[in-house]
Amino acid sequence: MSDKLKNAKIIFVVGGPGSGKGTQCEKVVAKYGYTHLSSGDLLRAEVASGSERGKQLSAIMQKGELVPLDTVLDMIKEAMIAKADVSKGYLIDGYPREVKQGEEFEKKIGAPSLLLYIDAKSETMVKRLMKRGETSGRADDNEETIKKRLDLYYKATEPVIAFYQGRGIVRKIDSEGSVDDVFSNVAKAIDSLK
Ligand SMILES: Nc1ncnc2c1ncn2[C@H]1C[C@H](O)[C@@H](COP(=O)(O)OP(=O)(O)OP(=O)(O)O)O1
Ligand SMILES: Nc1ncnc2c1ncn2[C@H]1C[C@H](O)[C@@H](COP(=O)(O)O)O1
Ligand SMILES: [Mg+2]
């Protein structure tokens with residue numbers, strides 16, 4: 001466990017692709033001033049840097065597969081440490097994607113106090129991602145990759161939710177409503193922490 005992060009308030013934000021994790025995290029940042037770290041955004045920044053590592057990551061992400069655990073965990077840890085002196089709490093968006101990622105995070109960083117499970121139907125997620133793909137420029141917002149990302153979500157990431165349910169820290173948020181309606185439930189879950 002890292003010393004600088006030992007008292008950090010950590011919230012995992014988990015849900016399918018396009019469920020609305022990033023959208024809700026932005027609203028949490030605006031209301032609570034927490035630090036939002038999206039593993040996908042960190043990886044895309046590495047790809048955009050043009051580095052050799054970025055090229056390898058890009059090929060994996062274009063196929064809708066998961067990048068190696070150590071790569072993504074190191075990036076998250078580094079980004080958390082960089083904000084440790086000013087952060088009121090961390091929203092870790094898109095991580096863990098599999099149970100092993102959660103276990104390693106706890107060994108190297110610390111334990112989450114809440115897991116926000118952003119839940120939407122698969123048809124809703126596909127619709128939102130196809131719409132986002134019209135403008136996002138994301139190489140994985142296309143029909144073929146969306147299908148692979150969804151399949152992997154149900155196979156690898158849903159077990160993460162069951163794992164943390166056993167600890168009693170999961171709050172399931174229905175993400176079918178409007179952004180503001182969803183956020184009112186996200187805010188209730190965060191307020192319950194205080
Ligand atoms: N409640 C909502 N109602 C309608 N549209 C929404 C809602 N929440 C998000 N959206 C839109 C915004 C985006 O264009 C798209 C996907 O949302 P976003 O927050 O980017 O999902 P996400 O972060 O879970 O996806 P990914 O895992 O692919 O990064 O759907
Ligand atoms: N936690 C992660 N582990 C492995 N791979 C990841 C993780 N977070 C993001 N990725 C890769 C694979 C995803 O398909 C893309 C996009 O992520 P997103 O959360 O949808 O922005 O990045
Ligand atoms: Mg996102």
Side-chain angles (χ1 to χ4, degrees), residues 12-30 36-48 53-54 56-77 79-80 90-106 108-109 112 115-161 173-187:
F12 286 158
V13 184
V14 175
S19 58
K21 302 180 295 296
T23 302
Q24 293 303 319
C25 285
E26 278 176 28
K27 294 186 74 73
V28 174
V29 171
H36 174 208
L37 295 174
S38 150
S39 49
D41 288 349
L42 292 170
L43 292 162
R44 282 183 288 278
E46 182 70 27
V47 172
R53 180 164 79 160
Q56 289 163 14
L57 295 172
S58 172
I60 298 170
M61 289 157 75
Q62 258 181 40
K63 288 189 276 180
E65 293 171 3
L66 295 183
V67 311
L69 192 165
D70 287 346
T71 306
V72 69
L73 185 52
D74 286 352
M75 282 181 178
I76 291 173
K77 186 173 175 183
M80 288 179 78
Y90 295 92
L91 297 161
I92 308 296
D93 162 4
Y95 188 105
R97 287 291 228 272
E98 52 189 358
V99 171
K100 177 90 181 146
Q101 289 194 357
E103 291 170 341
E104 290 303 308
F105 185 102
E106 295 198 35
K108 293 194 176 148
I109 300 175
L115 185 153
L116 288 174
Y117 164 26
I118 310 296
D119 181 46
K121 289 188 254 177
S122 71
E123 307 91 83
T124 303
M125 294 192 271
V126 172
K127 224 187 317 175
R128 287 180 184 170
L129 289 176
M130 290 302 290
K131 180 84 190 137
R132 189 178 72 181
E134 291 170 13
T135 54
S136 68
R138 276 183 58 163
D140 57 355
D141 278 349
N142 62 76
E143 208 171 341
E144 190 187 345
T145 315
I146 289 168
K147 186 179 180 324
K148 289 190 193 156
R149 289 158 68 202
L150 269 177
D151 288 348
L152 190 57
Y153 168 69
Y154 290 118
K155 195 168 112 217
T157 309
E158 276 202 340
V160 171
I161 295 156
I173 308 291
D174 180 353
S175 186
E176 288 290 328
S178 71
V179 169
D180 286 345
D181 284 349
V182 176
F183 183 65
S184 73
N185 289 318
V186 166

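First listed ligand is number 1; within each ligand, the first listed atom is number 1. Below, all heavy atoms of this structure are taken into account, side chains as well, without hydrogens, waters or symmetry copies. Computed from a predicted structure; not experimentally measured.
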Is G15 close enough to touch ligand 1? Criterion: a residue heavy atom under 4.0 Å from a ligand atom.
no
Could you say whether the N/O atoms of L43 and ligand 2 ever approach to under 3.5 Å?
no
Distance to 0.1 Å, residue and atom name: give those for the protein heavy atom nearest to atom 23 (O) of ligand 1.
G22 N, 3.0 Å
Looking only at heavy atoms of M125, does any of them come nearer than 4.0 Å to an atom of ligand 1?
no
Of R149, E144, K148, which is the lone residue that meets side-chain contact (heavy atoms from CB on, under 4.5 Å) with I146?
R149
Taking heavy atoms and a distance under 4.0 Å, where does R149 meet ligand 1: side chain, backbone, both or neither?
side chain
Among non-hydrogen protein atoms, atom 4 (C) of ligand 1 lies closest to R128 NE, 3.7 Å
M75 and ligand 2 - part of the residue with a heavy-atom distance under 4.0 Å:
neither
V160 side chain near Y153 side chain, heavy-atom distance below 4.5 Å:
no
Numbering as shown, the atoms of ligand 2 that approach E65 to under 4.0 Å (heavy-atom distance)
12 (C)
Looking at ligand 1, does S19 have a heavy atom less than 4.0 Å from it?
yes
Begin with the C-alpha distance, continue with both residues' side-chain angles, and end with the deciding distance and a verdict on side chain to side chain contact (heavy atoms under 4.5 Å, CB included) for V67 and M61.
CA-CA 7 Å; V67 311; M61 289 157 75; 4.0 Å; yes
Could you check atom 27 (O) of ligand 1 against the protein and tell me its nearest heavy-atom contact, residue, atom and distance included?
K21 NZ, 2.7 Å
For P17 and ligand 1, does the shortest N/O to N/O distance drop below 3.5 Å?
no
Steps toward side chain to side chain contact (heavy atoms under 4.5 Å, CB included) verdict (Q24, S175)
CA-CA 10 Å; Q24 293 303 319; S175 186; 5.6 Å; no
Please report the shortest heavy-atom distance between S136 and G133, naming the atom on each side.
OG-CA, 3.7 Å
If you scan protein heavy atoms around atom 12 (C) of ligand 1, the nearest is T23 OG1, 3.7 Å
Nearest non-hydrogen partners of K27 and V179, listed with the distance
CD-CG1, 3.5 Å
Touching ligand 1 at all, G177? Heavy atoms, strictly under 4.0 Å?
yes
For ligand 1, indicate whether the residue S178 contacts it via side chain, backbone, both or neither (heavy-atom separation under 4.0 Å).
backbone
By number and element, which atoms of ligand 2 are closer than 4.0 Å to a non-hydrogen atom of Q101?
1 (N), 2 (C), 3 (N), 4 (C)
Which is it for Q62 and V47 under the side chain to side chain contact (heavy atoms under 4.5 Å, CB included) test, yes or no, and what are the steps along the way?
CA-CA 11 Å; Q62 258 181 40; V47 172; over 6 Å; no
Within ligand 2, which atoms have a heavy atom of R149 less than 4.0 Å away?
20 (O)
Which residue and atom name correspond to the protein heavy atom nearest atom 13 (C) of ligand 2, and how close is it?
R97 NH2, 3.4 Å
For ligand 2, which atoms sit closer than 4.0 Å to a heavy atom of V67?
4 (C), 5 (N)
Could you give the distance from CD (E143) to CG (L129), rounded to the nearest 0.5 Å?
11.5 Å
Does an N or O anywhere in R44 fall below 3.5 Å from an N or O of ligand 2?
yes
Interatomic distance, R128 atom CZ to T23 atom OG1 [nearest 0.5 angstrom]:
8.0 Å
the protein heavy atom lying closest to atom 21 (O) of ligand 1 turns out to be G20 N, 3.3 Å
Measure the spacing between NZ of K77 and CD of E104 and express it to the nearest 0.5 Å.
11.5 Å
Ligand-side contact atoms (ligand 1) for residue partner V179, heavy atom cut-off under 4.0 Å
1 (N), 2 (C), 7 (C), 8 (N)
Please determine whether any non-hydrogen atom of G16 lies less than 4.0 Å from an atom of ligand 1.
yes
Contact with ligand 2 for E98, non-hydrogen, under 4.0 angstrom:
no
Among protein heavy atoms, which lies nearest atom 25 (O) of ligand 1, and at what distance?
G18 N, 2.9 Å
Judged by heavy atoms only, the candidate from Q24, R138, R132 nearest atom 14 (O) of ligand 1 is R132
Show your working on side chain to side chain contact (heavy atoms under 4.5 Å, CB included) between Y90 and I76 and close with a plain yes or no.
CA-CA 11 Å; Y90 295 92; I76 291 173; over 6 Å; no
Heavy-atom closest contact (P68 atom, I60 atom, distance):
CD-CD1, 4.1 Å
Measuring from the heavy atoms of G94, does anything fall under 4.0 Å of ligand 1?
no
Using a strict 4.0 Å cut-off to heavy atoms of D140, name the atoms of ligand 2 that fall inside it.
16 (C)
Who's the nearest protein heavy-atom neighbour of atom 20 (O) of ligand 2, and how far?
R138 NH2, 3.0 Å
Can you name the nearest heavy-atom pair linking S39 to R97, along with the distance?
OG-NH1, 4.2 Å
Do any nitrogen or oxygen atoms of S38 come within less than 3.5 Å of a nitrogen or oxygen of ligand 2?
no
Say you draw a straight line from CG of L116 to CG of D93; how long is it, rounded to the nearest 0.5 Å?
10.5 Å
Which distance, rounded to the nearest 0.5 Å, do you find between the CG of L43 and the CG of L57?
5.5 Å
Does any N or O of ligand 2 fall below 3.5 Å from an N or O anywhere on S39, backbone included?
yes
Which pair of non-hydrogen atoms, one from Y95 and one from F12, has the smallest distance, and what is that distance?
O-CD2, 3.6 Å
Working to the nearest 0.5 Å, report the span between CD1 of I118 and CD1 of I173.
5.5 Å
